[in-house]
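Input: a single structure, listed below in structure tokens.
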Amino acid sequence: MSAFDDAGSAKTALVLAGGGSFGAIQVGMMHSLAAHGISADMVVGSSVGALNGAYYAGDPTLKGVLQLETIWRGLQRQDVFPVTWRTLLGFLWRRDFLIPHDGIAKLIDDHLPYRNLQDAKLPVHIVATDMLSGDSVVLSEGPATQAIVASTAIPGAFAPVPYKDFYLVDGAISSNTPIKIAVAKGARRLIILPTGHACAAHAPPVGAVANALQALTLLIARQLVSELEELGPDIEHFVVPPLCPLVGSPYDFSRTAEHIERAIQSTDAWLARGGLQRSGIPDELRPHSH
């Protein structure tokens with residue numbers, strides 16, 4: 001058991017959701033928060049939010065976020081999802097997964113300033129999913145690379161990660177926005193960083209992929225609202241507004257700079273409007289009437 005499991009040891013949690021390349025939006029949000037002197041006592045992250053959160057926990061300052069920005073701005077899809085004809089043939093003929101973990105593991109090993117989760121400057125809790133039961137598994141100590149690789153292991157694309165008696169896959173499956181886990185770890189004030197949602201659209205999306213993404217982001221938004229509504233009155237919660245409209249796809253890294261800049265601007269504006277003075281569910285996440 002981690003020393004950070006004591007409910008009195010941490011009050012404010014930064015809660016980071018999953019979302020693939022839309023994780024760049026969280027980097028812009030963290031930039032704005034750090035520039036305004038806003039920090040947290042612990043970090044809870046799922047999927048790409050685990051990657052961003054683990055890095056933030058290693059250097060929870062504007063300087064640290066700027067270094068994370070530099071890493072993100074240099075990322076290409078092949079760094080994370082290196083799909084080639086060789087991997088496709090291997091998937092069809094021999095393996096039960098499509099992409100090796102090497103790209104993400106190298107990204108972590110090259111840039112994360114610590115090796116074990118318990119050595120981060122802030123308590124950090126990485127959320128993965130037990131492939132057999134579908135339950136969330138929270139990693140708070142041990143090898144950081146293994147934990148983050150597990151939390152980002154999309155089933156079918158990446159192989160499950162063996163850990164103790166579990167086979168771990170993407171944390172977004174069991175808890176895309178790990179709010180309840182943050183509360184269980186002792187947080188009483190949540191600053192939630194989503195990666196996006198299907199904001200009010202004037203026309204239906206065009207194409208199969210666009211429709212699937214619209215449905216997925218709607219589902220994630222509804223789950224987030226449902227979890228927030230279940231929180232007790234003693235838990236303050238603030239959702240940093242996601243971008244609207246959300247452009248691109250979770251596998252498109254060509255818009256990283258645009259996502260970061262837009263998120264900085266929108267978070268700055270939210271803070272200026274007193275966003276951290278009003279706990280509750282933002283109107284942007286609620287279903288819109290027609």
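Just so we're clear, the structure is a prediction, and the values are computed from it rather than from any experiment.
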Is it possible for you to say whether Leu51 and Leu112 belong to one hydrophobic cluster, with membership spreading through side-chain heavy-atom contacts below 4.5 Å?
-> yes
Kindly give the heavy-atom pair with the smallest separation between Pro242 and Met29, and that separation in Å.
-> CA-CE, 4.1 Å
May I ask whether Leu16 and Leu276 are part of the same hydrophobic cluster, defined by side-chain heavy atoms of I, L, V, M, F, W, Y residues being less than 4.5 angstrom apart, directly or through others?
-> yes
Taking C-beta and beyond as the side chain, do Val44 and Val127 meet within less than 4.5 Å on heavy atoms?
-> yes
Go through Asp119 and Arg115 one step at a time and tell me if the side-chain contact (heavy atoms from CB on, under 4.5 Å) criterion holds.
-> CA-CA 7 Å; Asp119 297 330; Arg115 288 291 165 257; 5.6 Å; no
Would Ser174 and Ser136 count as a side chain to side chain donor-acceptor pair (under 3.5 Å) if you check the C-alpha gap in whole Å, the side-chain angles of each, and the deciding distance to 0.1 Å?
-> CA-CA 6 Å; Ser174 59; Ser136 291; 2.8 Å; yes
Flag side-chain contact, heavy atom, 4.5 Å: Arg188 against Val183 = yes
Using 30° and 60° as the class limits, which term best fits the ring planes of His259 and Phe22: parallel, tilted or perpendicular?
-> perpendicular
Keeping the roles fixed (side chain from Asp41, backbone from Lys11), state whether a donor-acceptor pair exists under 3.5 Å.
-> yes
Minimum-distance pair of heavy atoms, taken over all atoms of Pro160 and Pro162 | O-CD, 3.6 Å
Taking atom CG of Leu66 and atom CE of Met30, what is their separation to the nearest 0.5 Å?
-> 11.0 Å
Among Ile25, Val15, Leu33, Val239, find the one that has a side-chain contact (heavy atoms from CB on, under 4.5 Å) with Leu193.
-> Leu33
Which atom pair, heavy atoms only, marks the closest approach of Ser46 to Pro178?
-> CB-CD, 3.9 Å
Criterion side chain to side chain donor-acceptor pair (under 3.5 Å) on Ser47 and Asp170, from CA distance to verdict = CA-CA 6 Å; Ser47 201; Asp170 196 339; 2.9 Å; yes
Salt-bridge contact Glu258-Arg73 (side-chain N to carboxylate O under 4.0 Å) | no
Checking Thr267 side chain against Ile264 main chain: does a donor-acceptor pair fall under 3.5 Å?
-> no
Do Tyr55 and Ile71 come close enough that some side-chain heavy atom pair is under 4.5 Å?
-> yes
d(Glu236 CD, Arg278 CZ) to nearest 0.5 Å is 13.0 Å
After noting the C-alpha distance and the side-chain angles of Thr256 and Ser21, does the key distance pass the side-chain contact (heavy atoms from CB on, under 4.5 Å) rule?
-> CA-CA 7 Å; Thr256 293; Ser21 63; 5.6 Å; no
Side-chain touch Phe238/Arg189, heavy atoms, less than 4.5 angstrom = yes
Nearest atoms (heavy-atom pairs only) where Ile126 meets Ser151 | CG2-CB, 3.6 Å
Main-chain N/O of Ile260 paired to Glu69 side chain as donor or acceptor, under 3.5 Å = no
Within the side chain of Thr129, is there an N or O that forms a donor-acceptor pair under 3.5 Å with the backbone of Met131?
-> no
Which atom names give the shortest non-hydrogen contact between Gly58 and Tyr114, and what distance separates them?
-> CA-CE2, 3.5 Å
Find out whether Lys180 and Ser175 are in side-chain contact, i.e. whether some heavy atom of one side chain is under 4.5 Å from a heavy atom of the other.
-> no
Please check if Val138 and Val124 belong to a single hydrophobic cluster, counting links between Ile, Leu, Val, Met, Phe, Trp and Tyr side chain heavy atoms closer than 4.5 Å.
-> no
Dump the intermediate steps for side-chain contact (heavy atoms from CB on, under 4.5 Å) on Leu139 and Val137, then the final yes or no.
-> CA-CA 7 Å; Leu139 307 176; Val137 176; 4.0 Å; yes
Do side-chain atoms of His36 reach the backbone of Ser32 as a donor and acceptor pair under 3.5 angstrom?
-> yes
If Ile, Leu, Val, Met, Phe, Trp and Tyr residues are connected whenever their side-chain heavy atoms lie under 4.5 Å apart, and connections chain through other members, are Ile181 and Ile148 in the same group?
-> no
Asp165 atom CG, neighbour heavy-atom count above 12 within 6.0 Å | no
Is the side chain of Asn116 donor-acceptor paired with the backbone N or O of Gln118 at a distance under 3.5 Å, no angle test?
-> no
Going by heavy atoms in the side chains, are Gln26 and Thr195 under 4.5 Å from each other?
-> yes
From CD (Glu261) to CZ (Arg255), nearest 0.5 Å | 15.0 Å
Nearest heavy-atom neighbours spanning Ala182 and Leu190 | CB-CD2, 3.9 Å
Rounded distance (nearest 0.5 Å) linking atom CG of Asp135 with atom CG of Asp130 = 6.0 Å
Does Val43 share a hydrophobic cluster with Leu62, counting links as ILVMFWY side-chain heavy atoms below 4.5 Å and allowing steps through other members?
-> no
Look at atom OH of Tyr167 and say whether more than 12 heavy atoms of other residues, nucleotides or ligands are closer to it than 6.0 Å.
-> no
Given side-chain contact (heavy atoms from CB on, under 4.5 Å), test Met42 with Leu14 step by step and report yes or no.
-> CA-CA 6 Å; Met42 67 172 166; Leu14 210 60; over 6 Å; no
Can you find a heavy atom in the side chain of Val225 that is under 4.5 Å from one in the side chain of Leu228?
-> no
Could you check if a side-chain atom of Leu224 sits within less than 4.5 angstrom of a side-chain atom of Asn176, using non-hydrogen atoms only?
-> no
